[in-house]
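Below: one structure, written as structure tokens.
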Amino acid sequence: MEKLVFATNNEHKLSELRQIIGGSFELLSLGDIGCHDDIPETADTLEGNALQKARWVKERYGYDCFADDTGLEVDALGGQPGVYSARFAGPGHDSKANMAKLLAMLEGEENRRARFRTVIALIKGCETHLFEGIVDGEIMKFPSGSEGFGYDPVFRPEGWEMTFAEATPDEKNAVSHRGRAVAKLIAYLNE
């Protein structure tokens, strides 16, 4: 089975991706290859961060790999938090603080339209490819649900009656931004 590294330390993402990918590839984590580096994410775009992480692993460890970056883009906030979604309330990757800041900034705002956008950068051999997945929706006024992670408790996808955090992992993966980007990645890998 072909080995592919997913350049993440996020166990939630890794678990989600292993469910989506299934048995197509042996999906390795950074820990599986002995990478305990603090990989920089200093680009100002999702594409830039995903490429930066994938290149880091390929150049230092030699594995074919892919990396992703995801942002929540809120219309009323001019696309914020975007590339800064994980660190919106500060450097600690604190999901509750990030949601609290987002909800405070949207207090009284009627336009709550938002989208989750994931970009995956794949480096396989000498080739680099980008894949994007988007899901449109809206930001709820209060968190609801205990599944998922990040902004899932306040994000309701278009056409749904529940937030991502109220959905089962299979329900979320069927329509999620990451699921859509991964579907494109898998289609490419299976060509």
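Counting begins at 1 with the first residue of the sequence.
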Distance from [X] atom [atom1] to [Y] atom [atom2], nearest 0.5 Å?
X	Y	atom1	atom2	value
L103	Y151	CG	OH	10.0 Å
D32	L27	CG	CG	8.5 Å
L46	Y84	CG	OH	10.5 Å
C65	W56	SG	CH2	12.5 Å
L122	I120	CG	CD1	9.0 Å

Taking 4.0 angstrom as the limit, do [X] and [Y] come out as a salt bridge?
X	Y	answer
D75	R115	yes
E41	R87	yes
E138	R113	no

Any donor-acceptor pair under 3.5 Å linking the side chain of [X] with the backbone of [Y]?
X	Y	value
K53	D68	yes
E73	R117	no
D152	F149	yes
D64	L4	no
E107	A104	no
E109	N111	yes
T163	S144	yes
R178	N173	no
K184	E132	yes
N98	A86	yes

On a heavy-atom basis, which atom in [X] and which in [Y] lie closest, and how many Å separate them?
X	Y	value
S85	G71	OG-CA, 3.4 Å
E127	H129	OE1-NE2, 2.9 Å
V175	W160	CG2-CZ2, 3.2 Å
A7	V57	CB-CG2, 3.8 Å
P81	F88	CB-CD1, 3.2 Å
A114	L72	CB-CD1, 4.1 Å

If you define the side chain from C-beta out and look only at heavy atoms, does anything of [X] sit under 4.5 Å from [Y]?
X	Y	result
V74	I139	yes
M162	E171	yes
V135	E158	no
T45	D69	no
K141	V154	no
L130	E47	yes

### Query
Just by distance, with hydrogens left out, do Q52 and T42 show a side-chain donor and acceptor under 3.5 Å apart?
yes
### Task
Quick one: do R180 and T118 satisfy side-chain hydrogen bond (donor to acceptor under 3.5 Å, both in side chains)? Show the steps, please.
CA-CA 8 Å; R180 290 174 180 181; T118 292; over 6 Å; no
### Message
Is there a path of hydrophobic side-chain contacts, each under 4.5 Å between heavy atoms of I/L/V/M/F/W/Y residues, joining L14 to L28?
### Response
no
### Query
Is K3 positioned over the aromatic face of Y61, cation under 6.0 angstrom from the ring centre and no more than 45 degrees off axis?
no
### Query
Under 30°, 30 to 60°, or over 60°: which ring-plane class applies to H177 and F116, parallel, tilted or perpendicular?
parallel
